[in-house]
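See structure below.
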Amino acid sequence: MSAGALPGFRDFYPESFSQRSWLFDRWRHAARGFGFQEYDGPPLEPLDLYTKKSGDEIVGQLYNFEDKGGRAVALRPEMTPTVARMVASKANALRKPVRWFSMPQLFRYERQQKGRLREHFQLNVDIFGEADVSADAELLAVACTVMRDCGLGPDDVKARVSDRRLLSAILRGLGVPDEALSAAFGAVDKIEREDQVALVKRFTTAGVSEEVAVKALAMVRASDFDALRRDFAGHAEVEEALTRFDEYRALLTAHGVIDYLQLDLSIVRGLAYYTGIVFELFDAKGEFRAICGGGRYDNLLQALGGVDMPALGFGMGDVVLGELLKARGKMPLGSADVDVWVAPVTAEFRRSAVEVATALRRVGARVETPLRDQSLGKQMKAANAAGARSIVFVGEGLRDRGEVEWKDLRGTEGTQTVIPLARLTDAVKAALAATP
RNA sequence: GUGGCUGUAGCUCAACUGGUUAGAGCACCGGACUGUGGCUCCGGGGGUUGGGGGUUCAAGUCCCCUCAGUCACCCCA
């Protein structure tokens with residue numbers, strides 16, 4: 001084995017590069033469809049941009065080093081601090097709400113495992129300056145639209161959605177004291193990973209009774225909207241959160257993505273900076289890690305940039321999504337693809353063939369010609385291997401009468417027509433338009 | 001950072017309880033085939049058996065270390 005790429009890093013050969021491009025096209029198309037504008041920032045940032053937000057422990061998971069000017073720097077592990085800085089420093093000049101997206105390559109120094117490498121591309125979609133629930137609905141709609149554009153419907157992918165305000169209200173309504181809320185969130189976050197005994201213990205350690213703990217866990221597991229409405233009738237805080245959620249659902253219906261929605265109060269998104277509606281996208285069979293995660297983080301800009309502005313966003317990586325698309329047969333194969341192969345029938349027509357190829361390229365065709373003398377049989381094979389849709393034979397006909405032979409390579413018995421060179425370019429152009 | 005499993009050609013895999021020069025299919029290149037493709041046939045290139053050390057008359061095979069892959073833990077931006 002020769003030395004390959006560094007652990008957790010990928011070589012993109014043409015086949016996988018074209019799959020990557022296919023995915024990027026869908027990301028970009030979906031985000032732009034909602035009026036989001038694309039931006040980018042530096043891949044290398046000051047280290048303290050990340051330690052300020054996440055503490056020094058984060059350094060163990062970063063690609064960081066000292067540059068030649070003695071600055072402590074790191075390859076970006078996430079986009080949020082960068083975009084927060086960019087928005088904060090021009091906050092007053094930007095039309096609100098700010099709808100931005102980016103497709104950065106991100107890095108983390110971690111042992112790789114399924115769906116997690118040391119480098120990946122991530123679609124980042126953010127909205128700044130809008131506190132209304134309509135922004136939350138639009139954000140999820142973008143994520144679901146990406147799924148749909150990739151051929152993944154509500155039967156393939158579920159958006160598990162919770163609201164931290166709703167969860168807090170329920171917990172408080174059950175009698176969990178404020179100082180135990182953080183521990184309770186921690187327990188809810190582990191609901192799929194730890195057994196009941198361990199989960200209950202997280203509550204009791206924080207001073208919550210076992211009875212309340214059991215009840216809270218059951219409610220989170222059920223995540224039953226109607227039951228919550230009944231159980232907490234008259235409880236203002238819960239009702240307010242439920243009303244907000246009703247509006248959220250109505251808007252998702254209007255966006256045409258309601259079928260993806262699945263209320264799931266166990267979605268907490270770590271113990272990070274989220275403040276409102278949070279969500280994660282999963283494949284319906286549960287074979288993969290989360291495809292996408294995000295939510296509302298109204299206090300983050302204040303903490304990072306000193307600007308008080310509500311914000312929400314999500315990140316969607318290319319690795320898990322790519323694995324899912326391949327597993328479901330939704331990812332195109334990424335085979336080679338040219339429109340026309342121009343074949344000199346003998347060596348003496350090499351230059352004529354190049355001239356014909358040049359004329360075809362000028363009308364937008366992807367054209368390949370052989371770089372050395374080859375028999376026609378060889379060229380036919382090569383043209384097929386190159387994925388060419390048609391082949392143009394350049395020989396005596398062009399020299400004597402200004403004509404070439406144009407043959408369709410698709411199908412088993414391609415039709416072949418004699419056509420004046422002057423008309424070939426238009427014919428190829430028309431064929432291109434007909435079969436995109 | 002911790003632990004389990006796995007490393008033979010570009011890919012998928014063979015090679016008896018340790019025993020000759022590590023094989024096959026696919027892929028690639030060439031030929032049959034210098035005016036017409038997918039097929040077929042023939043040939044060719046390609047390996048430090050991941051690397052290093054050890055045991056043995058003899059190691060792809062057994063042992064140790066290391067590297068890499070993979071899965072889980074931790075963490076999740």
Side-chain angles (χ1 to χ4, degrees), chain A residues 1-11 13 15 45 49-55 57-62 74-84 104 106-117 120 122 124 126 186 189-190 193-194 267-274 278 280 287-290 292-295 297 300 304 313-317 319-320 323 341 343-350 353 370 372-398 404-416:
Chain A
M1 295 289 150
S2 57
L6 286 169
F9 284 77
R10 297 169 288 177
D11 288 327
Y13 285 85
E15 292 75 19
E45 291 276 22
L49 184 66
Y50 306 111
T51 54
K52 250 193 308 188
K53 175 186 160 203
S54 311
E57 325 79 68
I58 191 78
V59 176
Q61 295 173 46
L62 293 180
L75 290 173
R76 61 186 174 195
E78 59 168 325
M79 203 57 181
T80 304
T82 298
V83 69
L106 305 177
F107 306 87
R108 60 181 147 220
Y109 195 84
E110 270 190 331
R111 199 141 160 187
Q112 64 167 315
Q113 52 190 298
K114 187 180 185 186
R116 304 198 76 180
L117 306 174
H120 69 142
Q122 189 181 70
N124 263 255
D126 292 278
D189 189 38
K190 299 284 178 197
R193 297 194 164 196
E194 294 183 2
I267 298 297
V268 174
R269 303 280 305 144
L271 292 172
Y273 43 77
Y274 291 96
V278 291
E280 293 185 350
E287 291 171 26
F288 300 90
R289 290 169 184 282
C292 166
Y297 39 90
L300 190 70
L304 285 184
F314 72 76
M316 180 188 293
V319 179
V320 175
E323 287 173 352
W341 179 286
V345 297
T346 61
E348 82 178 277
F349 297 104
R350 271 176 92 159
R372 57 177 168 167
D373 297 332
Q374 281 182 312
S375 72
L376 267 190
K378 206 80 169 164
Q379 290 194 58
M380 298 285 282
K381 284 177 187 158
N384 278 301
R389 295 160 190 220
S390 66
I391 186 165
V392 171
F393 299 104
V394 175
E396 285 86 352
L398 180 64
V404 297
E405 287 141 278
W406 185 32
K407 180 171 188 169
D408 195 331
L409 286 175
R410 294 165 301 181
T412 49
E413 201 58 50
T415 56
Q416 185 166 330

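On a predicted model such as this, the values are computed, not experimentally measured, just so you know. Naming: A, B, ... by sequence-line order, numbering from 1 per chain. Side-chain atoms are counted along with the backbone in the values below, which use heavy atoms only and exclude waters and symmetry mates.
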Any base atoms under 4.0 Å from [X], or only sugar-phosphate, or nothing? Heavy atoms, all strands.
X	answer
Pro7(A)	sugar-phosphate
Ile58(A)	base
Tyr50(A)	nothing
Glu110(A)	base

Taking only the side-chain nitrogens and oxygens of [X], find out if one of them lies under 4.0 Å from OP1 or OP2 of [N].
X	N	value
Lys190(A)	C75(B)	yes
Arg108(A)	C76(B)	no
Gln112(A)	G69(B)	yes
Lys378(A)	C29(B)	no
Arg350(A)	U34(B)	no

| said: If you assign each of Gly8(A) and Thr80(A) to its closest nucleotide in RNA chain B, which residue comes earlier from the 5' end? | reply: Gly8(A)
| request: Between Met79(A) and Thr346(A), just flag the one whose closest nucleotide in RNA chain B comes earlier from the 5' side. | output: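 Taking each residue's closest nucleotide, the earlier one in sequence belongs to Thr346(A).
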Nearest whole angstrom, please: distance from the [atom2] of [N] to the [atom1] of [X].
X	N	atom1	atom2	answer
Leu117(A)	A68(B)	CG	P	15 Å
Tyr109(A)	C76(B)	OH	P	20 Å
Gln379(A)	U36(B)	CD	P	12 Å
Glu280(A)	C75(B)	CD	C1'	14 Å
Gln374(A)	G31(B)	CD	C1'	14 Å
Phe9(A)	G69(B)	CZ	P	11 Å
Leu62(A)	G1(B)	CG	C1'	15 Å

Proximal nucleotide (of [options]) relative to the [X] side chain:
X	options	value
Ser375(A)	U34(B), C71(B), A77(B)	U34(B)
Gln61(A)	C29(B), C75(B), G37(B)	C75(B)
Gln113(A)	C33(B), C74(B), A77(B)	C74(B)
Lys114(A)	G69(B), G38(B), C71(B)	C71(B)
Leu376(A)	U36(B), C75(B), G30(B)	U36(B)
Arg193(A)	C33(B), C75(B), U36(B)	C75(B)

Euclidean distance for [atom1], [N] against [M] (whole angstrom):
N	M	atom1	value
C64(B)	U55(B)	C1'	11 Å
U8(B)	A24(B)	C1'	13 Å
G54(B)	G18(B)	C1'	15 Å
U49(B)	U40(B)	P	33 Å
C16(B)	A59(B)	P	16 Å
U34(B)	G47(B)	P	30 Å
C5(B)	A77(B)	C1'	30 Å
G60(B)	C13(B)	C1'	14 Å

Identity of whatever pairs with [N] - Watson-Crick or G-U, under 3.5 angstrom:
N	value
U2(B)	A72(B)
G60(B)	none
C11(B)	G25(B)

| field | Gap between atom CG of Asp373(A) and atom NZ of Lys378(A) - 0.5 Å precision | value | 13.5 Å
| task | Rounded to the nearest 0.5 Å, what's the gap from CG on Leu106(A) to CG on Asn124(A)? Could you check? | result |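 So the CG of Leu106(A) and the CG of Asn124(A) are separated by 6.5 Å.
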Quick one: does any side-chain atom of [X] pair with a main-chain N or O of [Y] as donor and acceptor, under 3.5 Å?
X	Y	value
Asp408(A)	Arg410(A)	yes
Gln374(A)	Ala343(A)	no
Arg289(A)	Lys114(A)	yes

Between the base of [N] and the side chain of [X], is there a donor-acceptor distance below 3.5 Å?
X	N	answer
Arg111(A)	G3(B)	yes
Gln416(A)	U36(B)	yes
Arg116(A)	C76(B)	yes

| query | Just wondering, more than 12 heavy atoms not from Tyr109(A) lying within 6.0 Å of its OH? | reply |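 No, not enclosed.
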| Do Ile58(A) and Thr51(A) have side-chain heavy atoms sitting under 4.5 Å apart? |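 They are in side-chain contact.
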| Working for side-chain contact (heavy atoms from CB on, under 4.5 Å), residues Val268(A) and Val278(A) | CA-CA 7 Å; Val268(A) 174; Val278(A) 291; over 6 Å; no
